[in-house]
Amino acid sequence: SEFQYDYEVYHSLEEIQSWMFEMNRTQAHLVDLFSVGKSYEGRPLYVLQVGKRSRRQKKAVWIDCGVHAREWIGPAFCQWFVREAVSSYQLDSGMRRLLNQLTFYIMPVFNVDGYYFSWTKDRFWRKTRSKNHKFHCRGVDANRNWKVKWCAQGASTHPCDDTYCGPFPESEPEVKAVAKFLRKHKKRVKAYISIHAYAQMLLYPYSYKYTTIPNFDCVESAARSAVTALYAAYGLKYRYGPASTTLYISSGSSIDWAYKNGIPYTFAFELRDTGHFGFLLPESLIGPTCTETTRAVKAIASGVLKKC
Amino acid sequence: FLYNNRYAGDQVFRIHPKNDDEVQTLKNILGPMQVDFWQPNSASLICQNATVDVHVKRNDTPAVHARLKQEHIDYGVSISNLQKEIEKQSGYRSSRKRR
């Protein structure tokens with residue numbers, strides 16, 4: 001029977017994982033599923049590989065969602081994008097070209113323990129769920145734990161703070177697993193995209209310093225085309241630019257680490273809204289938010305295929 | 001109730017510090033409290049002319065209201081009852097289940 005799944009509601013971790021298996025089963029010609037490791041609490045870290053199978057080594061785009069547990073619109077977007085990619089492969093020549101020429105690695109829930117905890121105990125949990133043997137507080141900010149200018153300005157050394165950088169870089173098994181995968185595939189991965197909420201911004205390196213990145217022109221151009229594509233959907237204006245100046249200085253972020261490790265295009269999306277609902281974005285806004293963001297991600301992916 | 005109704009009466013304040021004095025006063029008010037910064041991520045990132053969204057527990061809301069008024073800092077309440085908003089956001093799902 002036709003697999004019924006509502007992409008315009010928020011789903012629990014269990015539902016998302018079942019959905020991933022179902023997509024792998026029913027869309028095997030375009031979707032593969034694998035795990036990059038296990039979380040602190042032992043949950044599998046599933047990733048979907050989306051794209052037309054090919055013997056040759058294709059360029060790749062990595063997208064992760066749900067680094068911060070309470071930002072539920074992230075996982076909703078990752079699921080939406082996979083569905084959009086698969087369902088429009090035959091109908092949309094643009095998407096078909098992307099899936100023929102690129103591989104998308106899509107991780108709907110990066111912080112699986114935190115997401116589960118945000119559904120069951122604390123709706124506004126942000127961090128991972130690792131334990132600290134000196135403090136009763138749990139968790140590390142998975143976007144302050146990457147090995148790049150680790151635990152400097154914009155991150156906290158206190159385990160009870162929401163921006164705690166962790167006891168050492170890549171202390172979080174979730175961060176370590178994704179870093180290991182990206183290191184292994186870095187020749188092919190040309191774009192790294194991390195989906196967050198909320199601020200309606202598109203950010204690129206650097207986060208930890210004010211210096212301009214070497215390929216600024218190309219990255220700025222890709223960002224501009226992404227927010228232009230996003231605007232065309234519902235007229236929503238996104239701010240975009242280097243994270244350090246557009247948002248604020250922070251260290252140990254995933255986009256800086258990916259960029260420093262040779263991935264030329266790295267972005268962090270801060271999706272809707274700008275604070276009216278904040279983390280409690282109503283399900284009625286999942287559709288518009290994901291539709292506009294899909295346009296932006298396709299624009300970035302198209303940029304990867306162009307020479308710049 | 002979801003989450004055992006733990007967010008009943010909690011509020012999200014939206015605060016607009018206009019200058020360095022107000023930034024410092026805000027840090028003094030919120031720093032020692034058990035509040036949850038939504039934006040920016042921590043008290044140390046508060047800066048002038050940048051909106052601060054902060055989740056305040058039910059028992060602390062009167063004190064925060066009083067202090068902000070006393071200091072004449074411009075603010076509003078973007079979510080007046082967090083539990084209701086959570087129920088509303090998830091209400092769609094439970095209705096879905098019923099469907």
Side-chain angles (χ1 to χ4, degrees), chain A residues 4-12 15 68 70-73 76 117-127 137 141 143-144 153-158 160-165 196-201 246-250 253 270 273-286, chain B residues 1-8 10-16 23 27 30-57 75-99:
Chain A
Q4 294 292 316
Y5 195 76
D6 191 346
Y7 289 88
E8 300 201 58
V9 295
Y10 295 111
H11 288 278
S12 67
E15 290 172 341
H68 293 137
R70 60 192 179 188
E71 299 167 13
W72 287 10
I73 188 62
F117 192 71
S118 76
W119 269 72
T120 53
K121 291 290 185 303
D122 183 341
R123 175 63 187 79
F124 302 107
W125 189 258
R126 167 182 167 92
K127 297 190 285 183
C137 303
D141 184 337
N143 206 22
R144 300 293 186 277
Q153 190 182 349
S156 168
T157 56
H158 197 292
C160 295
D161 283 347
D162 250 2
T163 53
Y164 176 45
C165 55
H196 293 255
Y198 58 86
Q200 295 177 184
M201 291 179 181
T246 311
L247 193 53
Y248 38 68
I249 282 264
S250 76
S253 74
E270 291 279 355
D273 62 8
T274 54
H276 182 73
F277 291 108
F279 302 119
L280 295 178
L281 198 72
E283 291 180 323
S284 58
L285 290 179
I286 290 174
Chain B
F1 288 103
L2 290 172
Y3 305 97
N4 295 321
N5 207 29
R6 63 180 281 187
Y7 300 105
D10 287 10
Q11 296 187 326
V12 177
F13 284 64
R14 169 152 273 211
I15 308 165
H16 310 281
V23 165
K27 285 182 178 177
L30 298 176
M33 293 179 89
Q34 271 249 306
V35 295
D36 172 19
F37 283 93
W38 281 24
Q39 180 181 253
N41 296 147
S42 63
S44 62
L45 292 171
I46 296 176
C47 54
Q48 65 179 57
N49 299 322
T51 300
V52 176
D53 290 338
V54 60
H55 164 194
V56 177
K57 289 187 180 7
Y75 81 95
V77 174
S78 54
I79 299 177
S80 55
N81 187 327
L82 215 46
Q83 186 71 31
K84 272 191 186 158
E85 206 59 39
I86 287 173
E87 301 290 347
K88 213 180 355 172
Q89 182 188 53
S90 310
Y92 304 134
R93 185 176 57 250
S94 57
S95 64
R96 178 175 59 100
K97 265 212 180 86
R98 278 197 301 280
R99 267 199 306 273

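The chains referred to below are lettered A, B, ... by the order of the sequence lines, with proteins before strands, and numbering in each begins at 1. Bear in mind the structure is a predicted one, so any value in this text is a computation, not a measurement.
B/Q89 and B/E85 share no side-chain donor-acceptor pair at under 3.5 Å. With hydrogens and angles left out, the side-chain atoms of A/N143 and A/H68 include no donor and acceptor closer than 3.5 Å.
Under the rule for a ring pair (Phe, Tyr, Trp, His ring centres under 6.0 Å), the partners of B/Y75 that lie at least two apart in sequence or sit in another chain are B/F13, B/H65. With sequence neighbours excluded, the residues satisfying side-chain contact (heavy atoms from CB on, under 4.5 Å) with A/I249 are A/Q153, A/Y210, A/S244.
Annotation: maximal heavy-atom pairing with chain A below 4.5 Å, among B/N41, B/L82, B/V12, occurs at B/N41. Note on A/R123, A/R126, A/E8, A/K121: by heavy-atom pairs under 4.5 Å with chain B, the leading option is A/R123.
The contact between B/D36 and chain A is made entirely by side chain atoms (from C-beta outward), counting heavy-atom distances below 4.5 Å. Looking at A/Y248, the atoms closer than 4.5 Å to chain B (heavy atoms on both sides) all sit in the side chain, from C-beta outward. Looking at A/T120, only its backbone comes within 4.5 Å of chain B, counting heavy atoms on both sides. For B/F37, the part sitting under 4.5 Å from any heavy atom of chain A is the backbone (N, CA, C, O) and nothing else. At a 4.5 Å heavy-atom cutoff, the contact between B/S78 and chain A is made by backbone and side-chain atoms alike. Residue A/D141 does not touch chain B at all, counting heavy-atom pairs closer than 4.5 Å. For a residue to count as touching a neighbouring chain, one of its non-hydrogen atoms must lie under 4.5 Å from one of that chain's; by this rule A/D162 touches chain B with the side chain only.
Remark: B/W38 CH2 to A/F279 CZ distance equals 6.5 Å, nearest 0.5 Å. Rounded to the nearest 0.5 angstrom, B/K88 NZ and B/N81 CG are separated by 10.5 Å.
Between A/Y5 and A/H11, the ring-plane angle classifies as parallel under the 30° and 60° cut-offs.
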